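See below for the structure under consideration.
Chain A is the first sequence line, chain B the second, and so forth, proteins listed ahead of strands; every chain is numbered from 1. None of the values given here were measured: they were computed from a predicted structure.
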Protein chains: 2
Amino acid sequence: MRIGELAARSGVSVRALRYYEEQGLLDAYRSGSGQRHYPEAAADRVHLIQMLYAAGLSSRTIADLLPCVEAKASTPASRARLAAERDRIDAQIAALTRTRDRLDAVIHLSGSPESGCAWIADEDVAAEAGHSATP
Amino acid sequence: MRIGELAARSGVSVRALRYYEEQGLLDAYRSGSGQRHYPEAAADRVHLIQMLYAAGLSSRTIADLLPCVEAKASTPASRARLAAERDRIDAQIAALTRTRDRLDAVIHLSGSPESGCAWIADEDVAAEAGHSATP
DNA sequence: CTTGCCTCTGACGTCAACGTCAGGTTTTAG
DNA sequence: CTAAAACCTGACGTTGACGTCAGAGGCAAG
């Protein structure tokens, strides 16, 4: 498939895909005229790239670890970096959880004391989708 | 206390504190000569600001919601925004958890098949701090 | 053939949360 | 009193992951 279709399928911009290539995260076959062509599997790879970007990894780090993650195989060296990143993500999850709980506390403390902020009905509560402590 | 001490106590730079003030997140008493002075409570506020920044909230959003969070009181309007941010954070936690689990899978799949990647000893495992599925 | 859409490279623009530097004032230590 | 350290405002620099625009080709349809 060409770049436009890959962009549509993976939900990222054409610009982003060219940027990924520039960063060594994604390679493409070139047709004679220079146009990029991708195999089906490229969409999965792009999703994986986005997943890692969303976790706060840099282009450089992703470039280093992406082969391992795709192949589900690691060398001792890469495993150390993978573990380091995992620990960072764990810490981030912990911090986010504390932040979320703090917001939750504010939300559920029945509003401001002196504002006539009653529980009128459940319409507001219903809008808040399901929430347990740690799903 | 003055800005340098607050910076030291809260672990952020002096520049960051001035930036927070510029964004309306932190106010300071000014001495006659124009120097900023902060009460003890400012350190907690700075920690809270950092907490919210780390959760991906923008300066604008933090400025809007910080009073609610500090006072643990919310109006119906602010509660909606708080809930929206909490949902965003929840989604982020879920995504991070999936990413972490993916990295974990790669890490624990006993290395690359053909590399002589043995479990030599527990020194490597011990270095990986405690890890359960969902602490 | 030409119309219209897709693609190419190259290069500058953006945005947020600060870093850093310049040039000057204030506070503190000796 | 004086030198060092801390502080002030103002302004430009940085970084990463793209957005956007310009100008030039490529490709199937009518």
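Of all the residues in residues 35-67 of chain A, A:Gln35, A:Arg36 reach under 4.0 Å from DNA chain C with at least one non-hydrogen atom. Taking every heavy atom of residues 4-20 of chain A and every atom of DNA chain C, pairs under 4.0 Å involve A:Gly4, A:Arg15, A:Arg18, by number.
Here chain A contacts DNA chain D (any atom closer than 4.0 Å to a heavy atom, that is under 4.0 Å), and the contacts span D:dA17 to D:dC27 from 5' to 3'.
For residues 74-95 of chain A, the set of pairs meeting the ring pair (Phe, Tyr, Trp, His ring centres under 6.0 Å) definition, not counting sequence neighbours, is empty. Screening residues 43-56 of chain B for salt bridge (Lys or Arg N to Asp or Glu O under 4.0 Å), with sequence neighbours left out, gives B:Arg45-B:Glu70.
Taking each heavy atom of B:Ile62 and B:Pro67 in turn, the nearest pair found is O-CD, 4.5 Å. Nearest heavy-atom pair, A:Ser78 versus A:Leu65, reported as atom, atom and distance to 0.1 Å: O-CD2, 4.1 Å. Residue B:Ala55 comes nearest to B:Gln92 through the heavy atom pair O-OE1, 3.7 Å, listed as atom of the first residue, atom of the second, then distance.
Under the 4.5 Å side-chain criterion, counting only non-hydrogen atoms from C-beta, A:His37 is not in contact with A:Met1. Under the 4.5 Å side-chain criterion, counting only non-hydrogen atoms from C-beta, A:Arg88 is in contact with A:Leu57.
A salt bridge is absent between A:Arg18 and A:Glu21: the closest approach of a Lys/Arg side-chain nitrogen to an acidic carboxylate oxygen does not fall below 4.0 angstrom.
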(message) Checking A:Leu82 against A:Val69 for the side-chain contact (heavy atoms from CB on, under 4.5 Å) test, could you report, in this order, the C-alpha distance in whole Å, the side-chain angles of both residues, the deciding distance, and whether it holds?
(response) CA-CA 9 Å; A:Leu82 286 166; A:Val69 180; 4.2 Å; yes

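Here B:Tyr53 pairs with B:Tyr20 under the ring pair (Phe, Tyr, Trp, His ring centres under 6.0 Å) rule; sequence neighbours left out.
B:Arg30 places its CZ atom 17 Å from the P atom of C:dT25, with the value rounded to the nearest Å. The distance between atom CZ of A:Arg2 and atom C1' of C:dC8, rounded to the nearest whole Å, is 12 Å.
If you find the closest nucleotide of DNA chain D to A:Ser31 and to A:Gln23, the one lying nearer the 5' end belongs to A:Gln23.
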